[in-house]
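Each ligand, and each atom within it, is numbered from 1 in the order the structure gives.
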Amino acid sequence: MIQKIKDEEKNNSQVTMIAHNITDVCGPRLTNSPGYNRGLDWVTAICKQWGLQNAGREAWGEFGKGWSNEQGTLALKTPYYENIIAYPVPWCKSTKSAVKAELIMLDAFDSATIDKAGDAIKGKIVMLKPGNASIPDAFKAYATRYGDSSLDNLPEDYMVTRKQIEQFLPQIKSGYYTSLYLEKKGALGLLRSSRGSVDGTVFVDGGAGFAKGYQPTLPEMKTSREDYLKLMRLVQDNKKVVLEMNIQNTFYDKDLNGYNVVAEIQGIDPTLKSQVVMLGGHLDSWAGGTGATDNGAGCIVMLEAIRILKTLGVQPKRTIRIALWGGEEQGLIGSFGYVKKHFGNPDDMQLKPEQANIAAYYNLDNGSGKIRGIYTQSNPAVRDIFRAWLAPFADMGAAGGVSNSNTGSTDHISFDAVGIPAFQFIQDPLEYETRTHHSNMDTYDHLSIPDLQQAAVIVAAFVYNTAMRADMLPRKPLPKPEKFVFDFDFPI
Ligand SMILES: [Zn+2]
């Protein structure tokens, strides 16, 4: 079977077709936006075309408003004309047509600083003084791969602790309120830029305006760092700077429900078919690019993996179910909603019967890099099983790296929180952190197609092995009831 999986991918790969549709054709897939809905519909249609069963969207609870951007331009008008590389922040308001306004700079983003500036803010576009007025040096390669020897010892990665979230939430809250206050004081727009937004890459994410009770915030754009630092120097030199900002957005509030999309290959063993092996990744993205590596890549790999198995006509003992999630970028809320609905709530650990039937959940969400191994998520009992399953892929760069560490910040955490064996693969980093993650450069051409093809083969093998194994995978002891760490809940 492993050789058949390898051959199917080598001879009939559909990775470029899937990638093109999810990125170029669907476009940005901000949760509940038209692009996200195109994604749900396309995934449903292709899964049906492949002959998968029970394909379709599934509501998981209330998400909030959708948002799409139809126009987003920023230009320097005085002292001379120049186009500025800038992208609107999701869920911000539209400007009243194209607004021309003078630029001022605030030293800090808080109400005291706004009060100090007083009437000077009225009718202006505001920028914030950067903490570090330099750009990162260019001597370091953007893309990297792991060495073979480091894989078993990879430390904890992407883990967001309760303490970090507790520090982080007041920041989000105060940023939201300060933006509203700035608008109340008469500002027309807000500019920001992160230090890594260089060489044409602009990182743009954030925005709380989707959720119930939140208002849309001031028109806001993230700009390239080089443009931003030039504007800073002109303002500091007391030169008059006039900008023209034109942001036109649409909010969607007809259906506030959030949706995931699922499809299955049903198991055939009379006693085991009620057990399920799940695979997935998040379908939603930010809006500055087309979400190719975050997380088109995970969707492409998981779709290709289940296509390979279906095409080969596997007759799995257990049911195989793909699930692509919404709302991951707002705090894993699509997968968490699914887990609460089907398996139980980590708050009280009152588990539902389905929880006992999930053999494993496999997730992919660390960019376009090929699979180099897997994290056991602190479950040492799966270590030797996974090592054996990786062995046939030594010639493809996955020589058996099994790290006993935890990795977080994505959807397997929702499953892990209720005691379901849930795993994220180790992937080569490529240029994920430096260039594509949440940036305007998260586009098709930054996908590595051979890496995705390799990953699809390995995922298909893991899913097949899990579906055919005599026993379910060994589980960790059940976690104690605890408020879910990603359950962002800060009422306004
Ligand atoms: Zn992601």
Query raised in the report: Checking only N/O/S atoms, does H282 have one that is under 2.8 Å from the Zn ion (ligand 1)?
Result: yes

Report task. Run the numbers on R372 and D428 for salt bridge (Lys or Arg N to Asp or Glu O under 4.0 Å), then give the verdict. Result -> CA-CA 7 Å; R372 303 298 307 278; D428 272 337; 2.9 Å; yes

Report summary line: Result for side chain to side chain contact (heavy atoms under 4.5 Å, CB included) between N406 and one of H412, Q377, Q424 points to Q377

Query raised in the report: From D365, does some N, O or S atom reach closer than 2.8 Å to the Zn ion (ligand 1)?
Result: yes

Query raised in the report: Are any of the side-chain nitrogens in K340 or D347 under 4.0 Å away from the carboxylate oxygens of its partner?
Result: no

Query raised in the report: Where is the tightest heavy-atom contact between S368 and D451, given as atom of each residue plus distance?
Result: O-CB, 3.1 Å

**Report entry** D294 backbone or side-chain N/O/S under 2.8 Å from the Zn ion (ligand 1)
**Finding:** yes

